[in-house]
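Take a look at the structure below.
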Amino acid sequence: MIKIPEDAPFDDAQRGTLTELLGGCTTEQRQWLGSFLGGDLRTKGGGPLLVLYGTESGNSEILAARTAKLAKAGGFKVKLSNMAEASPDDLVKAGSLLVVVSTWGEGDPPESAEEYHGAFMAGGLDLSGVRYSVCALGDTSYEHFCKIGKDFDQQLEKLGAERVASRADCDVDFEETYQGWIDEALRALGAGAVESLSLGEVAPAASTGEYGKKNPFPARLLEKVKLNGPGSAKETWHFELSLEGSGLSYEVGDSLAVVPTNAEDVVNGFLEAAGLSGEEEVETRSSGRKQLREALTRDYDITALSRKVAKAWHGHCGSEELAELLSEDNKEQFKNWIWGRQIVDLLREFPAGKTDGQELVDMLRVLPPRLYSIASSPREHDGEVHLTVAAVRYEGHGFERKGVASTCLADLVEEGDVVPVFVTPNKRFRLPEDDEVPIIMVGPGTGIAPFRAFVEDRATREGSGPSWLIFGDQHYTYDFLYQLEWQDHLNSGALTRLDVAFSRDQPEKVYVQDRIREKAGEIWEWLEQGAHFYVCGDASRMAPDVQEALLKLIGEQGGLGSGEAEAYLGELKKSGRYQRDVY
């Protein structure tokens, strides 16, 4: 409750009136009053402001919407624009501009922003009347951290725009960096009552009782089933979690974020390499003071090795060999060196004479949640959410390695245990609103997950639109994920067609892209009939190979040149008929 302080320049009656008035106002109304009474709304705010975003996983979209809300409260006339639906020409008339954009993978723009990024970087615009700032989202575990945000920042300046606030480069734990940026940027652009803007209702917090990113829901594990048969080289699990009492909801195509913990043996190896016991007291960035062992288990990413972490460790160990590896001339050598290695290898190979627990955690980033495509329809499984997760295990440089979240679920969570989760919407991966529209789904391995949800969802609505699934894995006998369910859907008509590619069942390897090439004529017919084409799974090899096969199909079947085929595919993307959920 808001209460006017006793030392405020008001008498008791006035304090009572103001307390009652402000207590009944929303946060946005209080922000407006602050702007108005400060005079800023009338003299500074009120001008047009374009908030432009490019998003891959949805974080940039969320922050852009928050930015628009805060700017509106600061007195601006705000337009929120997605790069997927905008043109760079719009920037000429922007006046004031705030850009929120993520970098995907190894320095690529978000898929939905590829065309915009290309056109913008080509130049040709005069933006001398534009005042701007950029918030870049990225992941320091990748070499080209926040590259796309840096591209926009530099190109805007090159085209004559005036940078009014420094670019913010946000890691996966972006809240604090973002808040500092938006406060500075809005103040620089002339927003009213900037100090109050950080108090907006921007995200559910633990104190509100609402579950979300700030306050993950402890979902109870209802069922855990290994999907691969004996003899498989893979380890894929089906998890069913209860959302009862959470207030969380999702749509097919969304992802579930799992908040993992680091395994005990991984933490022990890390502590041993650092020469610490784990009993040292440290101050964490998000959960107060605790013992180092607990902090490394629950709060910090102790595996992903990046240039940023290596530079921080060099400050402790002072190794000349590491300094040489980190030099600007050896970027490629460093990239090759970290391949298959983790932070523990850095500590082992370049030991420090002495370090303490606080120095250690200060160089680490917060342990990020892992996103998994939801494998269930809420209409079919009320109060539940299902996941399809491949446990990641491998050997690297003589040591056994394992994925943090996947093996946390596989090894540490049993039926009845709870898993902290929250829902992450994916508006770019949705079924057509019309259930009569044909859909083609390409999902090898765990990429099958959202398509299980798609087919279930259509089945519950008794949609009659044709549906075609192209699935791939290693062996028919061991790795045909959800085989009986697909057969049931074929029998019921919920699934019209199923084609499979089991790569290891014959001398020559066969993949889903090979099936696309084989069925090119029929796929083209479906596309010409308005089909939506979906791809889910591996981003590094599978997704590009599938896109290449699709482009070739369009060119050959449609009698189009390479440029025309790319334009056709571009139109599929723009219209939402070609959608990918790749990782």
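Computed over heavy atoms, backbone and side chain alike; hydrogens, waters and symmetry mates excluded. The model shown is predicted, which means the values in this text are computed figures rather than measured ones.
- With no hydrogens or angles considered, no side-chain donor-acceptor pair links N82 and E61 at under 3.5 Å.
- Summarising the local packing, CD of E162 is surrounded by more than 12 heavy atoms from other residues, nucleotides or ligands at distances under 6.0 Å.
- Scanning for side chain to side chain contact (heavy atoms under 4.5 Å, CB included) contacts around E566 gives L551, with sequence neighbours left out.
- No donor-acceptor distance shorter than 3.5 angstrom exists from the side chain of T177 to the backbone of F174, with no hydrogens or angles considered.
- Between R401 and D345, at least one side-chain N (NZ, or NE/NH1/NH2) sits under 4.0 Å from a carboxylate O, which counts as a salt bridge.
- Side-chain contact, Y178 with T67: a donor N or O sits under 3.5 Å from an acceptor N or O.
- Around atom CD of E115, no more than 12 heavy atoms belonging to other residues, nucleotides or ligands sit under 6.0 Å away.
- Here the CG atom belonging to L70 is positioned 6.0 Å from the CD1 atom belonging to I182, to the nearest 0.5 angstrom.
- More than 12 heavy atoms of other residues, nucleotides or ligands shown are found within 6.0 angstrom of CD on Q358.
- Ring-plane geometry between Y534 and F454 is classed as perpendicular, the angle between the planes exceeding 60 degrees on a 0 to 90 degree scale with a lower cut at 30.
- Checked for salt-bridge contact, D183 and R187 miss the test: no charged N lies under 4.0 Å from a carboxylate O.
- Remark: Q154 engages K150 in a side chain to side chain contact (heavy atoms under 4.5 Å, CB included) (not counting sequence neighbours).
- For the salt bridge (Lys or Arg N to Asp or Glu O under 4.0 Å) test with R365, the passing option among D299, D173, D139 is D139; the others fail.
- For the 3.5 Å distance criterion, the side chains of Y116 and S81 fail to qualify, holding no donor opposite an acceptor.
- Looking at W181, its side chain does come within 3.5 Å of a backbone N or O of V134 through a donor-acceptor pair.
- Within a 6.0 Å sphere centred on CZ of R298, other residues, nucleotides and ligands contribute 12 heavy atoms or fewer.
- Residues T303 and D301 bring a donor and an acceptor atom of their side chains to less than 3.5 Å of each other.
- At distances below 3.5 Å, at least one donor-acceptor pair connects side-chain atoms of T103 with backbone N or O atoms of K147.
- Contact check for P369 versus F422: side-chain heavy atoms found under the 4.5 Å cut-off.
- Taking CG from L346 and NE2 from H314, the interatomic distance works out to 10.5 Å, rounded to the nearest 0.5 Å.
- Taking 4.0 Å as the cut-off between side-chain N and carboxylate O, R285 and E176 do not count as a salt-bridged pair.
- Side-chain atoms of Y53 and L98, non-hydrogen and from C-beta on, never get closer than 4.5 Å to each other.
- Between F217 and Y211, the ring planes are perpendicular. Angles over 60° get that label, and only those under 30° would be called parallel.
- Within 6.0 Å of OH on Y142 lie no more than 12 heavy atoms contributed by other residues, nucleotides or ligands.
- Using a distance-only test at 3.5 Å, with no hydrogens or angles considered, a donor-acceptor pair links the side chain of R307 to the main chain of L326.
- Taking CD1 of I374 as the reference point, atom CG of N426 lies at 10.0 Å (rounded to 0.5 Å).
- Panel note: side chain Y132, backbone D153; a donor-acceptor pair is recorded below 3.5 Å.
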